[in-house]
Asker: 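I'd like to ask some things about the structure below.
So that the names make sense, note that chain A is the first sequence line, chain B the second, and so on, each numbered from 1. Everything numeric in this text was worked out from a predicted model, so none of it was measured. Worth knowing before you read on, the calculation uses all heavy atoms, side chains too, and leaves out hydrogens, waters and symmetry mates.
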2 protein chains.
Amino acid sequence: MLTPEKIVAAALDVIEVSGDRGLTISALAKRLGVAPSALYNHVSSKRDLLILVQDDVIERIDYGCFETLPWADAVRQWARSSRDVFATHGHLIPIYAVIPVTNSRAILRMYETVAKGFLAAGWHEGDIVHAIVSIESFVLGSAMDANAPEDMYDIGDLSTEFPVFSSVVAGTREDASGRADVAFEIGLEGLIAGLEVWRSRQQ
Amino acid sequence: MLTPEKIVAAALDVIEVSGDRGLTISALAKRLGVAPSALYNHVSSKRDLLILVQDDVIERIDYGCFETLPWADAVRQWARSSRDVFATHGHLIPIYAVIPVTNSRAILRMYETVAKGFLAAGWHEGDIVHAIVSIESFVLGSAMDANAPEDMYDIGDLSTEFPVFSSVVAGTREDASGRADVAFEIGLEGLIAGLEVWRSRQQ
DNA sequence: ACCTGAACACCGTTCAAGT
DNA sequence: ACCTGAACACCGTTCAAGT
């Protein structure tokens, strides 16, 4: 007998073996030893399936830090964790970005804790959603960037045609963690600092 | 006779009429009055087609501001323009985020100008790519958010279960431009200010 | 060189038929 | 209530055949 739990577990297996794009209804059915049409007794559409998967995946994000750490540290840890989770589940990004929160208790649990953290740090109620959304926008964009090839900005033959950018790319500071990680950390520190400045101006 | 220009123009027509998801090979072929297979004489894959479309769309982004405005103003204008363009062409986001820049002269032209602007503002060569990527990550994430429903954060029946977030949503400051725009502007100002602070610490 | 038309291997989804 | 098997309307893509 199929259950939501088994379906989600199998879906995650399929993703782990075949990647994001390998998660199809028939691949999932095969993994479960069942006909594709059988799935529609438990799930009304593929979008519905992805929401189930998402609910499971969201729970791997570390947001408990908002109950233990100061605001900036909590934001940093939450953002890093979110970005990691979405980088390994890029297919969920387009859904997560536009799904009404009512559809997912997992998301609401997260936001409940995050919102408390913002309030405890002295944020005005009216600004919190906007601040959260801006952080998440950066996180989701960065998660996509994390899947870009390491040499994404290598210019090849066209370096004489674009000398300035070419030289900037050649001189790009790197460290062991890789280009995307450096960009993420720089942007994250900037955003956190900037939000803190912005907040203090709001008083 | 089909030409790349005609194909791109027709693709943009199809998108305008049928939306992002309406751009299929057969829809495009029908619009051009040609068999679907004919397109493969001019384009090697759908991905290839989307790169052609992207090249056209990138040129609508305003990056000339880097030649006329101070750094912070130029970044602000460039980011706003980019976000608008990608919000109306969301299907290009997953490609743009991971495509090696060598594949697109339009992108390289943009980066050439942007890089010059950063250098003129005194940025170190080694930091520029990272700063650009962080801005673009925020822009792409925000472009996805711009397509979210306006009531994305309305909680409905579950407000007693998540009282804090519920109250935060209810108290969210809004103005005529809408939720996503406010979040974008707040994050953008934060990111710009934060990058400026971060840069001055690098000296 | 470029286009047609048929074919292929896939999608997600529906639905009558069985148990 | 749940599953099967056949069918449907779509994808992107290939390729022999025509001009």
Side-chain angles (χ1 to χ4, degrees), chain A residues 1-57 89-99 103-104, chain B residues 1-57 89-99 103-104:
Chain A
M1 251 275 293
L2 293 181
T3 65
E5 291 76 25
K6 281 182 189 170
I7 291 173
V8 168
L12 291 168
D13 289 345
V14 171
I15 290 170
E16 193 158 336
V17 173
S18 313
D20 288 6
R21 299 196 48 200
L23 179 60
T24 65
I25 295 289
S26 50
L28 178 56
K30 177 172 275 181
R31 170 99 210 171
L32 288 160
V34 99
S37 52
L39 288 167
Y40 288 87
N41 288 306
H42 303 88
V43 139
S44 69
S45 66
K46 183 164 183 188
R47 182 189 146 88
D48 214 66
L49 166 68
L50 290 177
I51 292 175
L52 284 184
V53 173
Q54 187 205 44
D55 261 39
D56 190 279
V57 164
H89 288 283
H91 62 300
L92 298 177
I93 294 177
I95 298 175
Y96 182 82
V98 302
I99 198 196
N103 291 295
S104 170
Chain B
M1 250 275 294
L2 292 181
T3 66
E5 292 75 25
K6 282 182 190 171
I7 291 173
V8 169
L12 291 169
D13 288 346
V14 172
I15 290 169
E16 195 158 335
V17 173
S18 314
D20 288 5
R21 298 197 49 199
L23 179 60
T24 66
I25 295 289
S26 50
L28 177 56
K30 177 172 275 182
R31 169 101 208 169
L32 288 160
V34 99
S37 52
L39 288 166
Y40 288 88
N41 288 306
H42 303 88
V43 139
S44 69
S45 66
K46 183 164 184 189
R47 181 189 146 90
D48 215 65
L49 166 68
L50 291 177
I51 292 174
L52 284 184
V53 173
Q54 187 205 45
D55 261 40
D56 190 279
V57 164
H89 287 283
H91 62 301
L92 298 177
I93 293 177
I95 298 175
Y96 182 82
V98 302
I99 197 196
N103 292 295
S104 171

Asker: State, to 0.1 Å, how close B:A29 and B:A35 come at their nearest heavy-atom pair, and which atoms those are.
Answerer: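 Heavy atoms of B:A29 and B:A35 come nearest at CB-C, 3.8 Å.
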Asker: Near DNA chain D, counting only heavy atoms under 4.0 Å, which residues of residues 35-46 of chain A show up?
Answerer: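 Of all residues in residues 35-46 of chain A, the ones placing a heavy atom under 4.0 Å from DNA chain D are A:A35, A:S37, A:A38, A:N41, A:H42.
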Asker: Identify the two heavy atoms, one from B:K6 and one from B:L32, that lie closest to each other, and give their separation to 0.1 Å.
Answerer: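 Looks like O-CD2, 3.9 Å.
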Asker: Applying the side chain to side chain contact (heavy atoms under 4.5 Å, CB included) criterion to B:V8, which one of B:V43, B:T3, B:V57, B:L52 satisfies it?
Answerer: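 With B:V8 as partner, B:V43, B:T3, B:V57, B:L52 yield a single side chain to side chain contact (heavy atoms under 4.5 Å, CB included), made by B:L52.
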Asker: Are side-chain heavy atoms of A:R47 and A:I99 found at a separation under 4.5 Å?
Answerer: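 A side-chain contact exists here, since the closest heavy-atom pair is under 4.5 Å.
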Asker: Is there a side-chain contact between A:H89 and A:L12 in this structure, where contact means two heavy atoms from C-beta onward sitting under 4.5 Å apart?
Answerer: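 Yes, their side chains come closer than 4.5 Å.
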Asker: Closest approach of B:S104 and B:D55, non-hydrogen atoms and distance?
Answerer: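 The pair with the smallest heavy-atom distance is OG-OD1, 2.5 Å.
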Asker: If I compare all heavy atoms of B:A11 with all of B:V53, which pair ends up nearest, and what's the gap?
Answerer: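 Between these two residues, the closest heavy atoms are CB-CG2, 3.8 Å.
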Asker: Mind checking what makes side chain to side chain donor-acceptor pair (under 3.5 Å) contact with A:D48, not counting sequence neighbours?
Answerer: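 Side chain to side chain donor-acceptor pair (under 3.5 Å) check on A:D48 returns nothing, list empty.
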Asker: Kindly give the heavy-atom pair with the smallest separation between A:K46 and A:T24, and that separation in Å.
Answerer: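 Smallest heavy-atom distance, with atoms named: NZ-CA, 4.2 Å.
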Asker: When you list every nucleotide of DNA chain D with an atom under 4.0 Å from a heavy atom of chain A, which one comes first 5' to 3', and which comes last?
Answerer: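 Contacts span D:dC2 to D:dG5, reading 5' to 3'.
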Asker: Is there a side-chain contact between B:N41 and B:L2 (heavy atoms, below 4.5 Å)?
Answerer: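 No, every pair of side-chain atoms sits at 4.5 Å or beyond.
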Asker: Strictly below 4.0 Å, heavy-atom distances to any atom of DNA chain D: list the hits from residues 2-33 of chain A, or just say none.
Answerer: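 Those residues whose heavy atoms fall under 4.0 Å from DNA chain D, taken from residues 2-33 of chain A in numerical order, are A:L2.
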Asker: What pair of heavy atoms forms the shortest contact from B:I25 to B:L39, and how long is it?
Answerer: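 Closest heavy-atom pair between B:I25 and B:L39: O-CD1, 3.5 Å.
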Asker: List in chain and number order the residues that pass salt bridge (Lys or Arg N to Asp or Glu O under 4.0 Å) with B:D56, two or more places apart in sequence or in another chain; answer none if no residue qualifies.
Answerer: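 Counting only residues at least two positions away or on another chain, B:D56 forms a salt bridge (Lys or Arg N to Asp or Glu O under 4.0 Å) with B:R60.
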Asker: Starting from Watson-Crick (N1-N3 plus N6-O4 or O6-N4) and G-U wobble pairs under 3.5 Å, report the runs of at least three that DNA chain D belongs to.
Answerer: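 Detected stem regions: C:4-8 with D:12-16, C:12-16 with D:4-8.
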